[in-house]
There are 2 protein chains.
Amino acid sequence: MNTATRKEEIVAVASSLFKEKGYNAVSMRDIAQEMGIKAASLYNHISGKQEILSTLILYLARKFTSGMQAVIDSGGTPLDKIKEVIEMHIDITVNHSEALAALNNDWMHLENEDLSNFVRMREDYEDNFRKIIKQGIEEGDLKPRHPEVILFSILSTLRTLYLWYQKRGKLDVNVLKKDMVAVLLEGIV
Amino acid sequence: MNTATRKEEIVAVASSLFKEKGYNAVSMRDIAQEMGIKAASLYNHISGKQEILSTLILYLARKFTSGMQAVIDSGGTPLDKIKEVIEMHIDITVNHSEALAALNNDWMHLENEDLSNFVRMREDYEDNFRKIIKQGIEEGDLKPRHPEVILFSILSTLRTLYLWYQKRGKLDVNVLKKDMVAVLLEGIV
DNA sequence: GTCTATATACGGATAGAC
DNA sequence: GTCTATCCGTATATAGAC
């Protein structure tokens with residue numbers, strides 16, 4: 001087992017604990033115990049607790065950023081792009097459901113450039129989504145609702161999907177995508 | 001300034017700090033400093049940090065519980081009731097936006113009966129909402145989508161409303177209610 | 001790569017003076 | 001009601017043996 005893999009293992013174990021209790025309530029001893037080693041041994045693989053958090057969060061933030069770029073480059077209508085964003089979020093949620101808790105709840109515990117980089121990526125992401133929505137309204141694809149309400153209604157749902165995707169068990173991903181797109185786009189009435 | 005008021009002030013100050021950094025990252029010294037006193041002085045008004053958290057969270061949880069009961073007793077159609085739930089969430093968000101962060105993110109740091117009471121209230125709340133949605137589908141008021149997708153789509157949006165209500169500034173509450181009900185019920189296409 | 005031992009800081013909370 | 005002083009537990013992190 002080489003160092004790279006061991007580091008990934010630490011990050012994975014930490015993700016799961018962060019999801020349960022949050023970054024500040026998880027100690028290095030907790031992480032070490034979960035891996036069957038002592039806390040001091042962790043420092044042979046990572047520089048400290050902060051590195052675990054930033055590795056975790058920035059990895060995911062880059063996934064969303066590149067995913068959004070792919071949507072922008074896809075060349076579809078605004079409506080197509082919104083569907084693609086929803087599907088992207090579901091894909092990332094299914095593949096990284098443990099780590100998404102830290103992204104959502106613990107990003108403010110990042111430090112220095114890690115924090116500012118994350119905040120910038122997040123703002124850019126929202127801006128790109130906002131532009132798609134506004135274009136959809138202009139072109140008449142979307143109803144003329146307040147763009148901010150549309151933006152945060154969809155984003156809130158997608159960002160907290162990780163909380164109940166697992167709880168509800170083996171929902172087929174494609175069924176989930178279809179239902180989610182339908183509910184978010186066409187409403188329920 | 002009597003004790004009751006002083007305690008409320010502590011809880012209010014703590015709410016704001018919990019929203020910024022989360023329960024575990026806020027120290028009693030932080031709270032005291034924000035109030036211009038020393039940490040030891042806080043203990044003349046509250047028994048400890050835990051009491052601040054539980055006061056805060058259970059107060060809000062009871063608000064949601066009684067609000068849901070009022071909706072159930074209102075005697076409207078399932079669709080009416082869903083609208084009332086949305087409006088109730090918006091009212092509580094507008095009046096308690098600072099404290100909602102702790103309710104959403106720090107409830108797992110409650111202890112003993114406080115924790116179990118909260119979890120039960122939350123489950124009951126979701127169950128009541130789920131029943132309304134299912135009844136709406138049965139009666140043909142709602143489209144026959146997966147009830148869980150509808151439930152969590154609406155709840156996710158409402159529960160994180162506190163995050164951006166302030167940021168977007170002086171949105172009129174009645175306009176917000178109207179837009180939110182429209183987007184969540186009728187969709188955007 | 002993991003261990004024991006330890007440095008150092010900070011957390012919640014209490015005692016007792018004013 | 002607030003203060004100073006302090007107890008005691010736990011946190012991150014490092015040093016050095018194996």
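Just so it is clear, the values below take in all heavy atoms, side chains as well, and ignore hydrogens, waters and symmetry mates. Order of the sequence lines fixes the chain letters, A, B, ..., with proteins taken first and strands second; residue numbering starts at 1 for each chain.
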Output the rounded distance in Å from NZ (B/Lys49) to C1' (C/dA13). 12 Å
For a quick test of reading the model: is some side-chain N or O of A/Ser41 closer than 4.0 Å to OP1 or OP2 of C/dC3? yes
Are A/His89 and A/Tyr165 near enough that their ring centres are under 6.0 Å apart? no
Rounded to the nearest Å, what distance is computed from the OH atom of residue B/Tyr23 to the C1' atom of nucleotide C/dG11? 11 Å
Compare the minimum distances between each of C/dG1, C/dC3, C/dA13 and the side chain of A/His45, then state the nucleotide with the smallest one. C/dG1
Per atom distances to the A/Ser27 side chain, the nearest of D/dA5, C/dG12, D/dA11 is D/dA11
Note: for B/Val26 and A/Ala39 on DNA chain C, the residue whose nearest nucleotide lies more 5' is A/Ala39
Distance check needed: C/dA13 C1' versus B/Ile52 CD1, whole Å only. 12 Å
Contact under 4.0 Å: A/Arg29 side-chain N or O vs D/dA11 OP1/OP2: yes
Take the protein atom CG of A/Leu17 and the nucleotide atom P of D/dA11, then report the distance between them rounded to whole Å. 13 Å
May I ask whether B/Leu171 and B/Val94 are part of the same hydrophobic cluster, defined by side-chain heavy atoms of I, L, V, M, F, W, Y residues being less than 4.5 angstrom apart, directly or through others? yes
Here the distance between atom P of D/dA13 and atom CD1 of A/Ile31, to the nearest Å, is 10 Å
Whole Å only: how far is the NZ atom of B/Lys38 from the P atom of D/dA5? 10 Å
Looking at A/Tyr43, does the NZ or CZ of A/Lys49 lie under 6.0 angstrom from its six-membered ring centre and within 45 degrees of the ring axis? no
Measure CG/A/Leu53 against C1'/D/dT12 and give the value in whole Å, please. 15 Å
Nearest whole angstrom, please: distance from the P of C/dG1 to the CD of A/Glu9. 12 Å
Would you check if the distance from the ring center of B/Tyr162 to the ring center of B/His96 is below 6.0 Å? no
